[in-house]
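Here is the naming used below: chain letters follow the sequence lines, and residue numbers restart at 1 for every chain.
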There are 2 protein chains.
Amino acid sequence: MTHDTPRPRRTRRLPTTEELRIWRDFIETAEVLRSALTARLQSESSLSSGDYAVLLALSEADGHRMRSSELAAHIDWERSRLSHHLGRMERRDLIRREECAADSRGAEIVLTATGLRSFRQSTVPHLRAIRELFVDALSHDQLVAAGDLAATLRAHLAASGRQRPAPAKTG
Amino acid sequence: MTHDTPRPRRTRRLPTTEELRIWRDFIETAEVLRSALTARLQSESSLSSGDYAVLLALSEADGHRMRSSELAAHIDWERSRLSHHLGRMERRDLIRREECAADSRGAEIVLTATGLRSFRQSTVPHLRAIRELFVDALSHDQLVAAGDLAATLRAHLAASGRQRPAPAKTG
DNA sequence: CACGGCTGATTGACATGTCAATTAGTAGCT
DNA sequence: AGCTACTAATTGACATGTCAATCAGCCGTG
């Protein structure tokens with residue numbers, strides 16, 4: 001282990017035009033897809049995808065209620081993001097905040113009847129939209145490839161994340 | 001073309017658990033990727049991906065200047081989004097707005113020296129990050145599959161977009 | 001040339017996100 | 001009890017996006 005052959009630093013190479021094109025196609029397509037789904041959800045249910053994530057979690061929770069921090073962990077959001085969002089959802093009467101008996105710092109987030117109704121009305125159209133815009137577009141092999149790509153990219157991100165202080169967030 | 005056999009409306013089926021899992025993995029991975037890239041760009045250059053898109057377009061433009069609406073079309077942004085963004089970029093002296101001689105309603109967006117410098121310093125690290133986080137993660141076949149997926153999904157979106165009033169936006 | 005309609009761009013109101021600071025309460029230790 | 005450290009959640013300031021409304025200047029037509 002004395003003299004390493006100074007091998008070419010492949011890490012320094014830049015992407016080729018073709019690689020860059022694929023990157024842009026890929027990331028922009030995902031973005032367009034997300035935005036199309038969001039638009040449908042919005043127009044069909046007056047819910048944003050954030051609303052949907054929160055309502056989904058609460059609808060599955062015991063007693064339709066959850067501690068704010070649990071909720072944040074469950075849907076993988078920053079706490080302040082959740083706090084702001086809950087404020088907006090509370091104004092629309094989709095959820096309610098209650099004091100927490102066990103820990104008076106804490107808040108319990110409770111699904112309201114309105115919230116539950118909105119969520120229930122949104123699920124089928126939303127799932128249908130996912131099928132129409134994503135699943136139906138792809139052959140079986142392509143669907144498998146999509147899952148494979150996601151897993152591979154995640155693994156790689158996690159690996160390089162361990163070497164950088166990289167914080168990763170979802171939308 | 002008289003009597004269509006009332007075939008089963010496959011369109012009504014909902015995605016299976018597995019299909020839904022792949023969808024979520026796919027879209028969340030894209031989101032995480034985008035956010036990781038954005039974070040790197042931000043920390044290395046103090047530029048957002050929006051800034052980058054604008055600066056890239058201007059840097060390639062004739063005389064480093066472009067009409068606002070051309071710019072919007074080029075990077076496929078809504079005009080109001082661009083207007084707001086340009087306001088922020090102007091405050092940071094990355095671009096400047098000039099009156100347009102030919103059409104006095106119009107504005108010409110001009111790349112400043114500061115903007116050009118920022119952009120030039122950001123490109124190599126940014127491209128490198130794309131290679132590290134995306135290209136390097138994938139085998140050749142996977143990269144091809146990614147391009148194929150993007151194209152297929154786009155084509156499908158465009159087709160269904162023709163049947164709905166679907167507006168599609170990029171980030 | 002006047003007018004009515006179109007176009008270029010900005011604006012305001014608001015939703016959504018991030019980050020840093022703050023507030024309030026719990027817990028461990030002495 | 002009193003101090004300190006940690007945790008729960010919110011808040012404020014700001015960046016980023018969307019949508020609808022507005023404002024100004026262009027242009028074809030009578």
### Task
Check whether any side-chain N or O of B:Ser43 sits under 3.5 Å from a backbone N or O of B:Arg40 as a donor-acceptor pair, and report yes or no.
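Confirmed, B:Ser43 side chain pairs with B:Arg40 backbone.
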
### Query
Is there a donor-acceptor pair under 3.5 Å between the side chain of A:Ser118 and the backbone N or O of A:Thr114?
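Present.
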
Nearest-Å distance, [atom1] ([X]) to [atom2] ([N])?
{"X": "A:Arg34", "N": "D:dG17", "atom1": "CZ", "atom2": "C1'", "answer": "10 Å"}
{"X": "A:Arg67", "N": "D:dT7", "atom1": "CZ", "atom2": "P", "answer": "14 Å"}
{"X": "B:Asp51", "N": "D:dA15", "atom1": "CG", "atom2": "C1'", "answer": "10 Å"}
{"X": "A:Glu31", "N": "D:dT16", "atom1": "CD", "atom2": "C1'", "answer": "12 Å"}
{"X": "B:Leu71", "N": "C:dT10", "atom1": "CG", "atom2": "C1'", "answer": "15 Å"}
{"X": "B:Leu41", "N": "D:dT16", "atom1": "CG", "atom2": "C1'", "answer": "15 Å"}
{"X": "B:Ile109", "N": "C:dG8", "atom1": "CD1", "atom2": "P", "answer": "14 Å"}
{"X": "B:Glu78", "N": "D:dT16", "atom1": "CD", "atom2": "C1'", "answer": "13 Å"}

Select one nucleotide: of [options], the one nearest the side-chain heavy atoms of [X].
{"X": "A:Arg79", "options": "D:dG25, D:dA9, C:dA9", "answer": "D:dA9"}
{"X": "B:Arg105", "options": "C:dT18, D:dT11, C:dG8", "answer": "C:dG8"}
{"X": "A:Trp77", "options": "C:dG17, D:dT11, D:dC19", "answer": "C:dG17"}
{"X": "A:Ser48", "options": "D:dG25, D:dT10, C:dT16", "answer": "C:dT16"}

Have a look at [X] and say if it touches a base, only the backbone sugar-phosphate, or nothing, with a 4.0 Å heavy-atom cut-off.
{"X": "B:Ser104", "answer": "sugar-phosphate"}
{"X": "A:Ser69", "answer": "sugar-phosphate"}
{"X": "A:Ser80", "answer": "base"}

### Message
Which residues pass the salt bridge (charged side-chain N to carboxylate O under 4.0 Å, His left out) test with A:Arg96, not counting sequence neighbours?
### Response
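Checked A:Arg96 against salt bridge (charged side-chain N to carboxylate O under 4.0 Å, His left out); matches are A:Glu98.
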
### Path from A:Val124 to A:Leu37 over hydrophobic side-chain contacts below 4.5 Å
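As far as the 4.5 Å side-chain criterion goes, A:Leu37 and A:Val124 are connected within one cluster.
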
### Message
Do A:Val110 and A:Leu116 land in one hydrophobic cluster if side-chain heavy atoms of ILVMFWY residues count as linked below 4.5 Å?
### Response
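Looking at the clustering, A:Leu116 is in a separate group from A:Val110.
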
### Task
Strictly below 4.0 Å, heavy-atom distances to any atom of DNA chain D: list the hits from residues 84-101 of chain B, or just say none.
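Hits under 4.0 Å, by residue number: B:His84, B:His85, B:Arg88, B:Arg91.
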
### Task
Before accepting this row, confirm whether a basic side-chain N of the pair B:Arg97/B:Glu90 lies closer than 4.0 Å to the acidic partner's carboxylate O.
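Salt bridge flag = yes for B:Glu90 with B:Arg97.
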
#### Entry: Short side-chain N/O contact to C:dT16 OP1/OP2 from A:Arg81, under 4.0 Å
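No.
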
### Task
Report the residues that fulfil side-chain hydrogen bond (donor to acceptor under 3.5 Å, both in side chains) with B:Arg67, sequence neighbours left out, ordered by chain and then residue number.
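Listed in chain order: nothing, the list is empty.
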
